[in-house]
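One structure is given here, and the rest of the page talks about it.
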Amino acid sequence: MCSAKLENLIDIKSLSTEEISAIADRALEIKCGAKPLSCKEKHAAMIFFENSTRTYFSFEMALNKLGASVYNFETSKSSLSKGEDFFDTVNNLAAIGFDACIIRTSEEGLIKRTIEENQNGRKFFKKIALINAGEGSSAHPTQALLDFVTIKEKFSDLNGLNLVIVGDIRHSRVVKSNIELLNRFGVKIKCVAPKYFMDETIENVEWCDNMDEAFENADIVMALRIQKERIQGIIEFEDYIKNYQITEENLPKNAILMHPGPVNRDIEVTSGLLDSKRGETILTQAHNGVFTRIAILEMIFQSQNGGANV
Ligand code: CP
């Protein structure tokens, strides 16, 4: 059982290495049959300003498995559309009786700012946890945690593993959270991308000029979605496919293939590879998302109860 104290989930940086390990161990314990805690007195609001399939439904599934109540906050029908301040919205949800808000937003820093407002002056009516379900291009901590669980399942020792990240690194929040997390566990990370998808402000990675160079000794290849909705201008798909598409032929023999999803079929990865045995890890990531999110929610709900069982 997770015993670490976790009040909110803002990003990977705000988690200790012990908390990360505790979440992963608990997720794998639940996957192996351990019963989730009963959290039937807990209520969570799903506040999604951006679309989602995996994150939204695996949080909803996790909350259902915990016996908690889950509510969809329809952002366009809420009083946010009348100009209500986001802190006030969360505070009113606390007053109504909510224990957690699971938030996906394109607004960088919204979750941290709201938590800081509560710590520095304005006060929430009662404890309410804010959980980042994907924020702008900067953080997607629960995706990084489920990716960590998936990697741990395949390779018990991560120290010295070689990970290659391919694709739209500039716009990816997944990549920033994954680099922050996997660096702590000794994973060596190489990045390869066309110039227009590079982000050389990212630290602790090695940039490669081409896929051949990047794929040498690779244990894990992580493809990223081209984030069309965040790109202005023309995307050079033909150039991308020719130089960066992952295929059955170029995926290194001993490497596993990961992708956070959704996949742009036949752009980032060929359909042949996706639908083959080697493409299955991508679905395992979605599957592990449920166990990982159960472990995170258990830890947060327990911490709200002063560490006692929910
Ligand atoms: N990986 C991920 O965040 O997928 P969704 O956008 O479908 O939630």
Side-chain angles (χ1 to χ4, degrees), residues 9-12 15 20 23-24 27 44-65 70-76 100-108 110-111 130-154 163 165-182 197 220-231 246 256-265 267-269 274 279-297:
L9 179 50
I10 303 171
D11 52 22
I12 293 296
L15 289 176
I20 293 170
I23 290 167
M46 305 288 285
I47 307 180
F48 276 55
F49 296 98
E50 289 185 347
N51 295 342
S52 165
T53 297
R54 279 146 289 271
T55 312
Y56 187 98
F57 285 104
S58 59
F59 262 117
E60 185 164 330
M61 178 72 77
L63 286 157
N64 280 318
K65 284 182 185 278
V70 52
Y71 306 78
N72 179 34
F73 179 98
E74 282 193 64
T75 52
S76 62
C101 292
I102 295 159
I103 301 162
R104 169 165 290 195
T105 175
S106 56
E107 193 178 328
E108 304 288 354
L110 176 70
I111 297 164
L130 303 194
I131 301 171
N132 184 341
E135 189 179 75
S137 293
S138 62
H140 194 348
T142 65
Q143 178 70 42
L145 287 161
L146 75 88
D147 287 345
F148 178 58
V149 167
T150 306
I151 295 170
K152 250 178 100 103
E153 224 180 2
K154 303 262 177 196
L163 164 68
I165 302 174
V166 185
D168 186 358
I169 290 163
R170 175 176 294 180
H171 302 103
S172 174
R173 49 193 172 211
V174 172
V175 89
K176 279 96 182 186
S177 291
N178 259 311
I179 291 169
E180 174 76 35
L181 191 159
L182 294 171
F197 286 155
I220 307 155
V221 172
M222 185 181 287
L224 298 174
R225 180 174 74 87
I226 297 180
Q227 308 220 358
K228 296 174 206 156
E229 71 279 18
R230 299 187 210 281
I231 299 168
I246 300 166
I256 63 163
L257 173 67
M258 299 178 75
H259 190 306
V263 180
N264 291 305
R265 271 181 176 261
I267 296 178
E268 294 120 23
V269 183
L274 277 175
E280 280 176 12
T281 310
I282 295 171
L283 288 172
T284 305
Q285 288 173 264
H287 188 60
N288 287 342
V290 178
F291 308 113
T292 307
R293 290 174 174 122
I294 292 174
I296 294 163
L297 290 161

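For clarity, every value in this text was computed on a predicted model and none was experimentally measured. Indexing begins at 1, ligand by ligand and atom by atom, following the structure's order.
- When every heavy atom of Gln227 is checked against every heavy atom of Asp168, the shortest pair comes out as N-OD2, 2.9 Å.
- The two residues His140 and Thr55 have their closest heavy-atom pair at NE2-OG1, 3.5 Å.
- Sorted by chain and number, the residues within 4.0 Å of ligand 1 by heavy atom are Ser52, Thr53, Arg54, Thr55, Arg104, His140, Gln143, Pro260, Gly261.
- Looking only at distances, a side-chain donor or acceptor of Arg104 sits under 3.5 Å from a matching main-chain atom of Asn51.
- Nearest heavy atom pair, residue Val175 against residue Ile169, reads CG1-O, 3.7 Å.
- Annotation: salt bridge (charged side-chain N to carboxylate O under 4.0 Å, His left out) contacts of Lys176 (sequence neighbours excluded): none.
- Without hydrogens or angle criteria, Arg293 side chain to Phe59 main chain gives no donor-acceptor distance under 3.5 Å.
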